Amino acid sequence: MSAKQIYLDHAATTPLLPQAREAWLEGAALWANPSSPHKQGRAARAALEDARERVRKALGWQGEVLFTSGASEGLAIGIGRAKAERRLASAVEHDAVFRAAPDAQELPMRGGEVDLDVLAQALALPGRAFVAVQSVNSETGTVLLPYAVNPLVERIREGGGLVLADCSQSAGKMALPDADMVVLSAHKLGGPIGIGALLVRDYAMLEPSGGQERGYRAGTENLPGALGFAAALEAGSIESWATTAEQRFDFRNALSRHGEVLQPGVQCSHIFAVAAPRLTATAMLIRMDAAGFAISAGSACSSGTLKQSRVLKGFGIDEDLARRTVRVSIGWDTTPPDLDAFAEAWASVNA
């Protein structure tokens with residue numbers, strides 16, 4: 001039994017960084033509406049625009065920054081209003097992508113990468129293509145869009161298409177990939193819940209809708225959230241975490257001695273999918289929770305269902321293995337003793 005509750009579900013949400021909490025409270029004191037013309041409103045607007053510039057600078061982004069309520073809304077705006085005739089998405093995208101584009105063509109995976117032959121065939125069809133691909137998969141930690149030059153992006157650009165990268169699980173941990181639009185969620189990187197961003201290389205890529213955020217999103221701006229978001233990006237580099245990449249990969253290897261770590265492609269160091277030898281994912285969640293460990297079975301948006309994970313199926317994981325698979329995800333406040341304690345408990349349960 002763990003002496004304390006050890007939280008290893010950071011891919012679902014991660015605790016507020018102290019710097020983000022302080023910035024959020026400062027923003028809450030600026031209570032005026034940033035769209036109001038009076039003195040208090042202008043002060044709030046100045047703080048909002050400063051936060052926007054800080055987000056842009058922290059990410060090294062050269063384009064525009066639209067604040068949203070989170071990744072789901074960012075995906076809905078980017079996918080729904082992109083100036084393109086057709087929508088394509090990798091078969092392992094978050095459900096929010098397919099809610100935003102239920103008619104999107106699914107691009108199958110070949111190992112841990114999008115099948116480039118199928119992509120080429122899709123790009124050859126009439127009409128501009130808009131392609132959504134995750135930077136890091138939220139269930140397996142597979143890196144689909146690395147920062148380095150990527151053949152997938154090159155192929156899409158050559159075909160005249162646009163690329164949207166869902167960086168919910170990688171922003172603040174890895175450099176942004178080359179993309180025309182990028183989706184972010186603050187609560188995945190130590191910022192507040194209820195704030196995110198859609199980064200757009202050029203406003204001309206989007207159809208405006210009216211309202212706030214340069215006319216591309218309606219609704220009063222979340223100033224405290226924007227300030228907390230900027231502070232989290234500035235303070236929460238993965239290099240400042242309590243664990244090193246080497247320690248996190250050693251942890252992964254320890255889990256693999258009493259189970260199977262799923263590695264469909266290149267792996268990040270903070271999200272691992274591991275299958276128990278015998279017990280189902282549900283049974284493992286119950287046992288580990290009773291032992292003082294918080295983990296999940298895939299995406300928090302779908303882990304409450306009993307059906308096979310669409311993402312694991314998309315990666316070609318067989319149904320039996322998928323039903324025994326849990327997700328363990330590490331965050332900024334996870335310590336080496338936390339990882340050791342979980343590895344010990346995992347080995348004990350699966351001995």
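Side chains included, hydrogens not; waters and symmetry mates left out as well; all remaining heavy atoms used. It should be emphasised that the depicted structure is a prediction, and the values quoted were computed from it without experimental measurement.
- Side-chain atoms of Ser36 never come within 3.5 Å of backbone atoms of His38 as a donor-acceptor pair (strictly under, hydrogens ignored).
- No side-chain donor-acceptor contact under 3.5 Å links Trp24 to the backbone of Gly27.
- The two residues Gln212 and Gly219 come nearest to each other via the heavy atoms OE1-N, 2.7 Å.
- Phe67 and Val182 end up in the same hydrophobic cluster when Ile, Leu, Val, Met, Phe, Trp and Tyr side chains are linked at under 4.5 Å.
- Listed for the Arg310 side chain is a donor-acceptor partner under 3.5 Å among the backbone atoms of Ala91.
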side-chain contact (heavy atoms from CB on, under 4.5 Å) between Arg54 and Phe229: does it pass, once the steps are laid out? CA-CA 9 Å; Arg54 289 165 60 197; Phe229 188 8; over 6 Å; no
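- In terms of heavy-atom proximity, Leu48 sits nearest to Pro34 at CD2-CB, 4.2 Å.
- Of all heavy-atom pairs between Leu17 and Leu189, the closest is CD1-O, 3.7 Å.
- Here the NE2 atom belonging to His187 is positioned 5.0 Å from the OG1 atom belonging to Thr13, to the nearest 0.5 angstrom.
- Between the side chain of Arg42 and the backbone N or O of Pro37 there is at least one donor-acceptor pair closer than 3.5 Å.
- No donor-acceptor pair under 3.5 Å is formed between the side chain of Ser348 and the backbone N or O of Ala345.
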Do Val92 and Thr142 pass the side-chain contact (heavy atoms from CB on, under 4.5 Å) test, and can you show the C-alpha distance, the side-chain angles, and the key distance before you say yes or no? CA-CA 10 Å; Val92 297; Thr142 305; over 6 Å; no
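- For Gln267 (side chain) and Thr140 (main-chain N/O), a donor-acceptor pair under 3.5 Å exists by modelled atom type.
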Between Glu113 and Leu152, is a side-chain contact (heavy atoms from CB on, under 4.5 Å) present by the stated rule, with each step listed? CA-CA 9 Å; Glu113 300 178 346; Leu152 183 147; over 6 Å; no
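- A distance of 9.0 Å separates CG of Leu198 from CZ of Arg81, quoted to the nearest 0.5 Å.
- Minimum heavy-atom separation, Ile271 to Ala11: CD1-CB, 4.0 Å.
- Considering CG of Asn222 and OG of Ser69, their distance stands at 9.0 Å, rounded to 0.5 Å.
- Smallest separation of non-hydrogen atoms from Cys268 and Phe249: O-CE2, 3.5 Å.
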Begin with the C-alpha distance, continue with both residues' side-chain angles, and end with the deciding distance and a verdict on salt bridge (charged side-chain N to carboxylate O under 4.0 Å, His left out) for Arg157 and Glu154. CA-CA 5 Å; Arg157 293 265 168 75; Glu154 290 182 339; over 6 Å; no
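- A donor-acceptor contact shorter than 3.5 Å links the side chain of Glu93 to the backbone of Gln134.
- A donor-acceptor pair under 3.5 Å is absent between the side-chain atoms of His94 and the main chain of Ser72, judged by distance alone.
- Between Tyr216 and Tyr203, the angle of the ring planes stays under 30°, which puts this pair in the parallel group of the 30/60° scheme.
- Expressed to the nearest 0.5 Å, how far CZ of Phe98 lies from CD1 of Ile79 amounts to 8.5 Å.
- In Gln40, the CD atom is crowded: over 12 heavy atoms of neighbouring residues, nucleotides or ligands sit closer than 6.0 Å.
- With Asn350 contributing its side chain and Gly259 its backbone, the two residues share no donor-acceptor pair below 3.5 Å.
- Counting non-hydrogen atoms of neighbouring residues, nucleotides and ligands closer than 6.0 angstrom, the CZ atom of Arg201 exceeds 12 such neighbours.
- At a threshold of 4.5 Å between side-chain heavy atoms, the hydrophobic network of Ile, Leu, Val, Met, Phe, Trp and Tyr places Val311 and Val143 in two separate groups.
- Although no hydrogens or angles enter the test, the distance criterion places no donor-acceptor pair under 3.5 Å between the side chain of Arg110 and the main chain of Asp117.
- How far CG of Leu285 is from CD1 of Ile295: 5.0 Å, rounded to the nearest 0.5 Å.
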Show your working on side-chain contact (heavy atoms from CB on, under 4.5 Å) between Arg327 and Leu262 and close with a plain yes or no. CA-CA 10 Å; Arg327 179 182 69 181; Leu262 310 185; over 6 Å; no
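- Residue-environment remark: NZ (Lys83) exceeds the threshold of 12 foreign heavy atoms within 6.0 Å.
- Residues Ser269 and Ile238 have side chains in contact (heavy-atom distance under 4.5 Å, counting atoms from C-beta outward).
- Side-chain contact between Glu213 and Arg52: present, with at least one pair of heavy atoms (C-beta onward) separated by less than 4.5 Å.
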Step-by-step salt bridge (charged side-chain N to carboxylate O under 4.0 Å, His left out) determination, Arg45 to Glu49: CA-CA 6 Å; Arg45 168 60 60 181; Glu49 295 310 316; 2.9 Å; yes
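- Nearest heavy atoms, Leu144 versus Phe315: CD1-CZ, 4.2 Å.
- Side chains of Ser237 and Glu239: a donor on one and an acceptor on the other come within 3.5 Å.
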Check the pair Asn253 / Ser256 against side chain to side chain donor-acceptor pair (under 3.5 Å), numbers first and verdict last. CA-CA 5 Å; Asn253 296 337; Ser256 69; 4.8 Å; no
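- From Trp332, atom CH2 reaches atom NZ of Lys173 across 12.5 Å, with rounding to the nearest 0.5 Å.
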